[in-house]
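Below is one structure, written out as structure tokens; comments come after it.
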Amino acid sequence: MSEKIYSPAEIELRIQQIWAENDAFRAHEDAAGEKYYCLSMLPYPSGALHMGHVRNYTIGDVISRYHRMCGRNVLQPMGWDAFGLPAENAAISNDTAPATWTYANIEHMKAQFKRLGFAYDWSRELTTCKPEYYRWEQLMFTRLMKQGLAYRKDSEVNWDPVDQTVLANEQVIDGRGWRSGALVERKSIPQWFLRITDYAEELLTGLDKLEAWPDAVKTMQRNWIGRSEGAEFCMTVCDENGVPDAANRQVTVFTTRPDTAFGMTYAVLAPEHPMLATVTTHERAAEVSTFVAEARLASEADRLAEASSERKRGVFIGAYLLNPFTGKPVPLYTADYVLMAYGKGAIMAVPGQDQRDWDFAVSHNLPIVRTVQPPADWQGGAWTEDGPAINSAWLNGLSVIAAKEKAIAWLEQRGMGERKVNYRLRDWGVSRQRYWGCPIPVIYCPQCGAVPVPEDQLPVVLPESVSFTGVQSPIKTDPDWRKTMCPQCGVAAERETDTFDTFMESSWYYARYCCPGAESQLDERAKYWLPVDQYIGGIEHAILHLMYFRFYHRLLRNAGLVEGDEPAIRLLCQGMVVADTYYQQTQDGAVRWINPADVEVKRDSRGKPLGAVRRSDGKPVTIGAVEKMSKSKNNGVDPQRLVDHYGADCVRLFSMFASPPDQSLEWSDSGVEGASRFLRRVWTLVMTHLEAGPCVPLDLAVLSQEQRDIRRLVHNTVAKVSDDISRRYTFNTAIAAIMELTNHLARFEDQSEQGRAVTQEAWLAVVRLMNPITPHICEELWSALGESKPLYAACWPEVDESARVRSQVTVVVQVNGKVRARLELEPGMEQDKAMAMALRDGNVQRHTAGKEVRKIIHVPDRLLNIVVG
RNA sequence: GCCGAAGUGGCGGAACUGGUAGACGCGCUGGACUCAAAAUCCAGUUCUGGAAACAGAGUGUCGGUUCGAUUCCGACCUUCGGCACCA
């Protein structure tokens, strides 16, 4: 059994086979035990695992294995978020069907997962592109239609006029289609939406109960929902003299600052505002339509980024609005800093109290009237804080809050407006004009309109054997697929050919894992496993996915399928995996990125990098920035090669050791070497310990001081590692503590009977502490140490508190806050006694000599600060 | 632009509740073993001065609170994530 050489590949494959043969990680519903559902965000099957996957799934596996050892009934499933744009791109370049490519990737990546030794219950594997999965989300959607929670409205998309297709934001590069190069247009088409805004308030207040979610995520979600209280009111369209137009048209605006309405010096309509074209005067029409056409070219994010604080773009449209508060007309503009999607798509502009309005007013020479008195020394532009109202007639002198109330009451009394809570959150657009997605289960009847596909006709199956050219969706070009009958009146009708946003699949998969094979969307098993105890995924999902996930859980709750308001109790967001970049510049100035695996870095005698050369041709390369691993920068590291070379345990160990999980992880070849060295060292040390034969049982009564010191370290380490894994998620410090203990064990050469018994206890602890991180080598060492029960079924080590008691503590002595001595004192020493001990120290004497002691700060067992003057 | 993070030795990082800055690992330097190399082991390694004891400086920048600040407060700089059709 006890091989002398550590050979990870042989051990890992053998141990993995034992796990498989014993079905070691199969989860069963068991009402008696404490359940623990540990879920990592499911991967998109892009082709091969990358380091980001390895990191994400190792974190999940460590947490799962830890809780399993603590006796909990653990569910850790895995599946595939299999619909999506990359399959269509691959289909174009490889001339395969998206399905073929996707399934091949799944097969390959599943093998890679198995090689990494993750403790998944593969019997629950799900693949979102299969009808047996997506049929249930189609069913849910048809029910939402009937409840009015799914509805259809016109909405803008990126339109490629050459390819005659809709583009994702990602496919628009500098305003042009990625394949055709044509200037992309914004086009309005009818699309399906889910009323997530009905849940805005609940999604907002629910965040307060998510105590174990990162504050950053909760803050981002709060801001995304963007609740604001204010007023909505109407203003009449008029001419420059305040004479209302013939049709008595009204523009409705939302404002959070009705108290500042007396300072309104202009108003703005969003470029997409439906009234814009008709309100614009004949003389201004040409300029306005040019501006609108330009503004609508850019995506929202680009528009907001371009609308810099210095100069805001917009044009006067020739019309005016009557300010109800002053009875005077203000000029009406259209500007790209006003979005149709927020509020009413129209604003009253008050430059005195809003910085964006201030900037616009300055660049368009519009008047500025302050209606809140800034402090006397205020030098800046808009004053957005509190202060007494000025220039505001009957509001003068009131604070912002009081003036707001009075202004709203004034509007309501006159029936001109009302108090209004507005949310930035918008309804979820779920239509995609793409092929590789779940078909939207709707039939369009010339007589009945949009009709949900009846439940007995679901699923609407997406054909998988198609030839995909990339320009049009095969189900849009195939007239036969589309042709059907109206389920209500029986006349010829057509199917919806759009598919769902892939966030639809990833919004409920967590619940489906609980009940594989259920002949409904979910069954009772979901109520046993949910909520998810621990959810793990990338921080890039902080808003969109996690908001839809929380929303969909409420839809499932309202359908009676799950209990509780929130889908996941704890959330951990891991950072990105980054690596050095290296490049060579060719004579024509082109940059050629060199993979880190092909680069050798030269260092000086202090270890500072001097330069780098490319291994394959010996030519110098330039060291670039540290960036997210990507194909474009050629700085990706293939985990498969590392697993082949160092073994799964080593790759897992490095990815957990290099940085805390929520920060970015910097790739380092030598760091992997270090992880490998540590595993070999543990292996050799345990094998050396075993060579001396079996140990006698521990006898705590007869231990020497040194033996007690080792035991104290062992039990301190058990306590620290438990806390680091379960509460702090700082796997890096857990590993550091285990390394520290290992270093002490390597120096502890006590070959006496009790010395060896202490060593045996220590190694049994180390092997269990490391097991969640490096399970293969630990399983092997565990049985080598003489344990007959497999480690995957073993218990987490217990802390012997009596072993942790200290006989001495280090107390730092400071003089005026600077460390001057360190004393070894008995625990619990009082201030006077500690002070007397401190004054015996030569260095402390030197720094206090001839000076008056003004103050003494004593933190028992830690610190004594003597303040002298 | 808006929202959210991060910034500590040559490098990744540690310091958990305001109390020893630099744990652990990498790299580097020196040594042992070796014919030699690799591997392994031992010692050193924030900077400046010093043989040492020790002293001074030091956690992106500037300022503040405190006996004491990597930690709290204010302003700024840089980098990263998200911004609704990448997932």
Side-chain angles (χ1 to χ4, degrees), chain A residues 41 43-44 46 81 84-86 157-158 166-172 214-217 219-220 222-224 226 299-301 303-309 312 337 341 356 425-426 428-429 431-434 501-503 506 538-545 547 573 575-576 578 601 603-609 625-628 654 657-660 662-675 677-678 680-681 684 723-724 727-728 730 732-733 735-740 743 746 810-814 816-819 822 842-843 846 854-857 859 862-863 865-867:
Chain A
M41 288 180 188
Y44 177 78
S46 53
D81 188 17
L85 193 56
V157 292
N158 302 311
V166 174
L167 299 177
N169 288 342
E170 188 185 61
Q171 297 170 314
V172 181
D215 288 334
V217 172
T219 307
M220 281 191 268
R222 265 185 208 110
N223 293 334
W224 188 258
S299 75
E300 238 168 68
R303 247 170 74 186
L304 290 170
E306 271 171 35
S308 74
S309 58
K312 288 194 161 53
Y337 78 99
R356 290 163 305 179
L425 182 71
R426 318 210 283 251
W428 176 12
S431 292
R432 297 293 179 270
Q433 296 68 42
R434 275 189 266 287
D501 176 8
T502 58
F503 277 127
S506 56
I539 184 69
E540 66 274 19
H541 296 293
I543 295 174
L544 291 180
H545 163 65
M547 188 77 77
C573 289
M576 297 174 306
V578 299
V601 178
R603 292 169 192 284
D604 71 5
S605 64
R606 282 191 136 134
K608 263 189 197 170
V626 176
E627 296 192 50
K628 181 176 179 171
F654 172 76
F657 179 60
S659 58
D662 52 349
Q663 284 177 33
S664 61
L665 182 151
E666 191 169 321
W667 186 257
S668 143
D669 283 334
S670 48
V672 182
E673 287 282 355
R677 194 176 303 158
F678 173 68
R680 284 200 303 273
R681 187 165 142 87
T684 310
D723 187 49
D724 283 354
R727 179 181 65 88
R728 296 182 64 210
T730 50
N732 55 329
T733 56
I735 294 165
I738 297 169
M739 286 175 166
E740 222 172 331
N743 291 342
T810 306
V811 174
V812 170
V813 182
Q814 298 181 335
N816 288 348
K818 282 189 186 294
V819 179
R822 290 179 175 83
N843 208 31
R846 230 188 2 267
R854 293 203 172 150
K855 197 170 178 180
I856 297 169
I857 285 112
V859 183
R862 299 193 78 161
L863 174 130
N865 187 11
I866 305 165
V867 183

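Chain A is the first sequence line, chain B the second, and so forth, proteins listed ahead of strands; every chain is numbered from 1.
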Between atom [atom1] in [X] and atom [atom2] in [N], what is the gap in whole Å?
| X | N | atom1 | atom2 | result |
| --- | --- | --- | --- | --- |
| A:Tyr337 | B:C2 | OH | P | 14 Å |
| A:Ile543 | B:G81 | CD1 | P | 14 Å |
| A:Leu544 | B:C85 | CG | P | 7 Å |
| A:Arg681 | B:C26 | CZ | P | 9 Å |
| A:Asp662 | B:A6 | CG | P | 8 Å |
| A:Arg822 | B:A21 | CZ | C1' | 10 Å |
| A:Asn865 | B:U66 | CG | P | 15 Å |
| A:Met547 | B:C83 | CE | P | 13 Å |

[X] vs [N]: side-chain N/O to OP1/OP2 distance below 4.0 Å:
| X | N | result |
| --- | --- | --- |
| A:Asn732 | B:A14 | yes |
| A:Asn743 | B:G25 | yes |
| A:Arg728 | B:A15 | yes |
| A:Arg677 | B:C26 | yes |
| A:Arg434 | B:C85 | no |
| A:Asn169 | B:C83 | no |
| A:Ser668 | B:G12 | no |

Exercise. Identify the two heavy atoms, one from A:Ser659 and one from A:Ser664, that lie closest to each other, and give their separation to 0.1 Å.
Key: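 Closest pair (atom of A:Ser659, atom of A:Ser664, distance): OG-O, 3.3 Å.
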Self-check item: Closest non-hydrogen atom pair, A:Asn816 against A:Asn865
Solution: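 Residues A:Asn816 and A:Asn865, closest heavy atoms: N-OD1, 3.6 Å.
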Out of [options], whichever nucleotide has its closest atom nearest the side chain of [X]:
| X | options | result |
| --- | --- | --- |
| A:Arg862 | B:A87, B:G4, B:G19 | B:G19 |
| A:Val859 | B:G19, B:C85, B:C86 | B:G19 |
| A:Asp723 | B:C67, B:G13, B:C16 | B:C16 |
| A:Asn223 | B:C86, B:G81, B:C3 | B:C3 |
| A:Gln663 | B:A5, B:C80, B:A14 | B:A14 |

Touch check for [X], heavy atoms < 4.0 angstrom, all strands: base, sugar-phosphate only, or nothing?
| X | value |
| --- | --- |
| A:Ser431 | base |
| A:Gln171 | nothing |
| A:Ala542 | nothing |
| A:Lys818 | sugar-phosphate |

Quiz prompt | Pairwise 5' ranking along RNA chain B for A:Lys855 and A:Phe657, keeping only the more 5' one | solution =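 The residue closer to the strand's 5' end, by nearest nucleotide, is A:Phe657.
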Quiz prompt | Earlier contact from the 5' end, RNA chain B, for A:Trp224 and A:Arg680 | solution =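 Its nearest nucleotide being more 5', the pick is A:Arg680.
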Quiz item: Side chain of A:Asn158, backbone of A:Leu167: donor and acceptor closer than 3.5 Å?
Solution: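 Yes, because the side chain of A:Asn158 sits within donor-acceptor range (under 3.5 Å) of the backbone of A:Leu167.
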Quiz prompt | Polar side-chain atom of A:Gln171 near backbone of A:Ala168 as donor-acceptor pair, under 3.5 Å | solution =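 Checking the backbone N and O of A:Ala168 against the side chain of A:Gln171, a donor-acceptor pair under 3.5 Å is found.
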Self-check item: Syn/anti label of B:G31 as read from its glycosidic torsion, with the cut at 90° from 0
Solution: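 Here B:G31 takes the anti form, which means its glycosidic angle is more than 90° from 0.
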Practice problem: Whenever both distances are under 3.5 Å in a Watson-Crick or G-U wobble pair, mark it; put RNA chain B into dot-bracket that way, with [ ] for crossing pairs and | when the partner is on another strand. | Solution: (((((((..(((......[....)))((((((.......))))))((((....))))..(((((..]....))))))))))))....
Quiz item: Passes side chain to side chain contact (heavy atoms under 4.5 Å, CB included), A:Ile866 versus A:Val813? Steps please.
Solution: CA-CA 8 Å; A:Ile866 305 165; A:Val813 182; 4.1 Å; yes
Quiz prompt | Distance between P atoms of B:G30 and B:A23 (Å, rounded) | solution = 22 Å
Quiz item: What distance, rounded to whole Å, do you find between the two P atoms, one in B:C2 and one in B:A75?
Solution: 14 Å
Exercise. Look at the side chain of A:Gln433 and the base of B:C85, then say whether one donor and one acceptor between them are separated by less than 3.5 Å.
Key: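 Donor-acceptor pair under 3.5 Å: yes.
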Quiz item: Is there a donor N/O on one and an acceptor N/O on the other, under 3.5 Å, for the side chain of A:Arg727 and the base of B:C16?
Solution: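 Such a pair exists between side chain and base.
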Practice problem: Would you indicate whether the side-chain heavy atoms of A:Trp428 and A:Phe503 approach each other to under 4.5 Å? | Solution: yes
Practice problem: Hey, could you give me the CE/CG distance between A:Met220 and A:Leu544, rounded to the nearest 0.5 Å? | Solution: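 It comes to 11.0 Å.
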Quiz item: Do we see a donor-acceptor contact under 3.5 Å between the side chains of A:Asn743 and A:Arg681?
Solution: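 On atom types as modelled, these side chains qualify, holding a pair under 3.5 Å.
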